[in-house]
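To find a chain, count down the sequence lines: A is the first, B the second, and so on, and within it residues start at 1.
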There are 2 protein chains.
Amino acid sequence: MTTLREHKKQTTRVALQEAALRLALAHGPEQVRVDDIAEAAGVSPRTYNNYFSSREHAIVAAVTAQRGSRIVAAIADRPDDVDLATAVIDAVVGQYTDTGSGPPEAMLMIATTPALRTCYVETVTSIEEPLTEAIAGRGLDRETAEVLAAAVEAAAKVALKRWLHFTGAARGGLVIATGSLPELVRAAIETFRPAFAAAARPR
Amino acid sequence: MTTLREHKKQTTRVALQEAALRLALAHGPEQVRVDDIAEAAGVSPRTYNNYFSSREHAIVAAVTAQRGSRIVAAIADRPDDVDLATAVIDAVVGQYTDTGSGPPEAMLMIATTPALRTCYVETVTSIEEPLTEAIAGRGLDRETAEVLAAAVEAAAKVALKRWLHFTGAARGGLVIATGSLPELVRAAIETFRPAFAAAARPR
DNA sequence: ACGAAAAATTGCGTGCGCGCAAAATTCTGA
DNA sequence: TCAGAATTTTGCGCGCACGCAATTTTTCGT
């Protein structure tokens with residue numbers, strides 16, 4: 001087990017995330033350059049892009065880091081007699097509960113900054129592959145698992161966009177009555193329960 | 001109807017698309033810079049980015065331009081007694097038939113160039129909004145329509161990735177038996193037929 | 001037909017993303 | 001312990017994306 005290397009990589013990755021979030025919260029997200037983050041993390045600017053492919057990525061990653069692994073764990077921990085749709089929905093919804101979303105100011109900043117908002121929604125993509133594995137692990141063939149995982153991901157994105165839309169609009173004083181984020185996510189994914197049921201039925 | 005303006009915009013947009021595709025096919029996609037495309041279209045480099053947000057976008061747009069409007073038309077042209085799922089699936093699948101995909105060399109270039117491949121898959125996103133309208137137009141509430149449209153889009157992306165993966169792999173001499181693109185798209189979306197059925201049922 | 005309003009084009013400046021090759025660091029086997 | 005292999009970090013350079021403000025083009029009311 002090669003350890004020193006992986007450990008160091010993980011360390012600088014976390015250092016970059018935390019530096020990025022801290023600086024963004026302190027000076028405003030538009031005011032922090034990649035060079036600032038790199039310097040704060042004690043690393044060269046070029047190295048930043050070995051870890052994150054955009055300026056916003058590190059900031060958002062500070063909040064969304066281990067989402068994928070948490071979801072697979074949540075699904076795996078569920079007894080096998082729980083039907084697949086329920087297990088998946090609960091697992092994904094669980095990731096969008098207040099707990100574990102990092103400091104509350106962070107989410108506000110992300111919701112009110114267009115570039116961060118976009119990046120945040122895109123990170124939902126990171127659940128696709130683990131979700132596929134988890135679904136395939138419950139006996140569905142891989143092809144179907146991929147499509148269902150993609151659908152869940154898409155539904156989560158839609159829910160997220162709605163929520164961010166309203167949260168962002170709240171800045172302008174206009175607040176429309178709408179569900180909480182977990183409720184929105186659940187309702188959206190629930191649309192596919194019939195598809196899960198049909199896919200789980202051996203044909 | 002303000003016409004001169006819109007007409008001119010449409011003209012330069014098309015000029016940029018065609019110039020981009022032509023140059024990319026001629027010299028290879030990596031060898032053509034934004035400035036080259038702009039010059040070939042008789043427009044300033046800065047203007048290029050008023051029309052397309054990335055270097056690859058114009059090239060891909062030359063092939064995918066009016067996909068959204070074609071899909072809504074295809075759905076609208078279907079008699080109302082055809083069930084929604086069928087109408088949507090046929091409409092989307094119809095867009096991935098050989099016809100209308102532009103010159104065949106173009107698709108090969110896109111399939112074998114990573115940056116273009118990524119961009120091409122992303123353009124599927126452009127069907128989301130029109131698809132939402134079309135579905136909502138058939139009597140489903142907007143919320144559900146959005147989620148279903150997103151799922152269809154996601155399924156199409158998965159199918160596209162599979163197809164591109166194999167097409168790309170064919171370069172390396174490894175060809176795995178797999179369906180044609182339309183068949184892949186159809187099979188993927190078919191997964192959601194139950195969800196469409198359940199959503200169409202008034203509750 | 002003309003002048004003001006609206007909108008598109010353009011040049012400029014800045015920061016970003018990344019390929020490449022050299023330098024530094026870490027790992028492996030003897 | 002140490003030399004060579006493997007991997008990571010870094011500096012450099014290029015082209016891209018885009019905000020901004022000035023300029024040019026198109027539209028519209030009279």
Side-chain angles (χ1 to χ4, degrees), chain A residues 1-17 19-21 23-24 27-62 112-120 122-123 125, chain B residues 1-17 19-21 23-24 27-62 112-120 122-123 125:
Chain A
M1 188 211 310
T2 311
T3 306
L4 209 175
R5 248 175 206 169
E6 295 188 6
H7 182 264
K8 265 200 165 184
K9 284 194 80 169
Q10 188 61 18
T11 299
T12 60
R13 163 167 258 111
V14 173
L16 285 169
Q17 289 174 4
L21 181 57
L23 291 178
H27 310 130
E30 312 290 345
Q31 308 306 322
V32 50
R33 294 182 299 276
V34 165
D35 299 29
D36 302 329
I37 302 174
E39 188 181 15
V43 94
S44 99
R46 181 61 183 84
T47 297
Y48 176 91
N49 282 304
N50 290 345
Y51 286 85
F52 300 101
S53 55
S54 82
R55 186 173 65 91
E56 294 80 13
H57 199 145
I59 303 177
V60 171
T112 56
T113 306
L116 291 180
R117 208 164 38 198
T118 300
C119 186
Y120 182 72
E122 279 171 1
T123 60
T125 305
Chain B
M1 188 211 309
T2 311
T3 307
L4 208 175
R5 235 169 215 172
E6 295 187 7
H7 182 263
K8 265 200 165 187
K9 284 193 80 169
Q10 189 60 20
T11 299
T12 60
R13 163 168 256 110
V14 173
L16 284 169
Q17 289 173 3
L21 181 57
L23 291 178
H27 310 130
E30 311 291 345
Q31 309 305 322
V32 51
R33 293 182 298 275
V34 166
D35 299 30
D36 302 329
I37 302 174
E39 188 180 14
V43 94
S44 98
R46 181 62 182 84
T47 297
Y48 176 90
N49 282 304
N50 289 345
Y51 285 86
F52 300 100
S53 55
S54 82
R55 185 173 65 90
E56 294 80 14
H57 199 145
I59 303 177
V60 171
T112 56
T113 309
L116 291 181
R117 207 164 39 197
T118 301
C119 186
Y120 182 72
E122 280 171 359
T123 60
T125 305

If you pin B:Arg33 and A:Thr47 to their nearest nucleotides in DNA chain D, which one's is more 5'? A:Thr47
With the side chain of B:Arg5 defined as its heavy atoms from C-beta on, choose the nearest nucleotide among C:dA6, C:dC16, D:dT10. C:dA6
d(CD, B:Glu56; P, C:dC18) in whole Å: 11 Å
Calculate the interatomic distance between A:Lys8 atom NZ and D:dA6 atom P; express it in whole Å. 21 Å
Side-chain heavy atoms of B:Gln17 within contact of B:Arg13, under 4.5 Å: yes
Could you state the NZ-C1' distance from B:Lys9 to D:dT27, rounded to the nearest angstrom? 15 Å
Nearest-Å distance, CG (B:Leu23) to C1' (D:dG15)? 16 Å
Using atom names, set out every protein N or O paired with an N or O of nucleotides 22-24 of chain D below 3.5 Å, distance rounded to 0.1 Å.
none

From B:Ser54 OG over to B:Tyr48 OH, what is the distance, rounded to the nearest 0.5 angstrom? 6.0 Å
Heavy-atom nearest pair, B:Glu56 first then B:Ala115, reads OE2-CB, 3.8 Å
For A:Asn50 and C:dC20, what is the distance between atoms CG and P respectively, to the nearest whole Å? 14 Å
So how far off straight is the helix from C:dA1-D:dT30 to C:dA30-D:dT1, going by the axes through five pairs at either end, to 10°? 30°
A:Arg55 side chain vs A:Glu30 backbone, donor-acceptor pair below 3.5 Å: no
Can you name the nearest heavy-atom pair linking B:Thr47 to B:Val43, along with the distance? CG2-CG2, 3.6 Å
Is the backbone of B:Ala61 close enough, under 3.5 Å, to the side chain of B:Tyr120 for a donor and an acceptor to pair up by distance? no
With distance as the sole criterion, do the side chain of B:Arg46 and the base of C:dG13 form a donor-acceptor contact below 3.5 Å? no
Between A:Asn49 (side chain only) and A:Arg46 (backbone N and O only), is there a donor and an acceptor less than 3.5 Å apart? no
Taking the side chain as every heavy atom from C-beta outward, state whether B:His7 and B:Thr11 have any pair of such atoms under 4.5 Å apart. yes
From the options A:Ile37, A:Leu16, A:Ile59, select the one residue that forms a side chain to side chain contact (heavy atoms under 4.5 Å, CB included) with A:Leu21. A:Ile59
Considering only C:dG11, D:dA17, D:dT8, which nucleotide approaches the side chain of B:Val34 most closely? D:dA17
Any B:Tyr51 side-chain N or O less than 4.0 Å from OP1/OP2 of C:dT9: yes
Rounded to whole Å, CG of A:Asn49 lies from C1' of D:dG11 at a distance of 14 Å
Distance check needed: C:dG17 C1' versus A:Arg55 CZ, whole Å only. 13 Å
Grab the CD-C1' distance between B:Glu6 and D:dT27 for me, whole Å please. 12 Å
B:Asp35 side chain: which of D:dG11, C:dT10, D:dC16 is closest? D:dC16
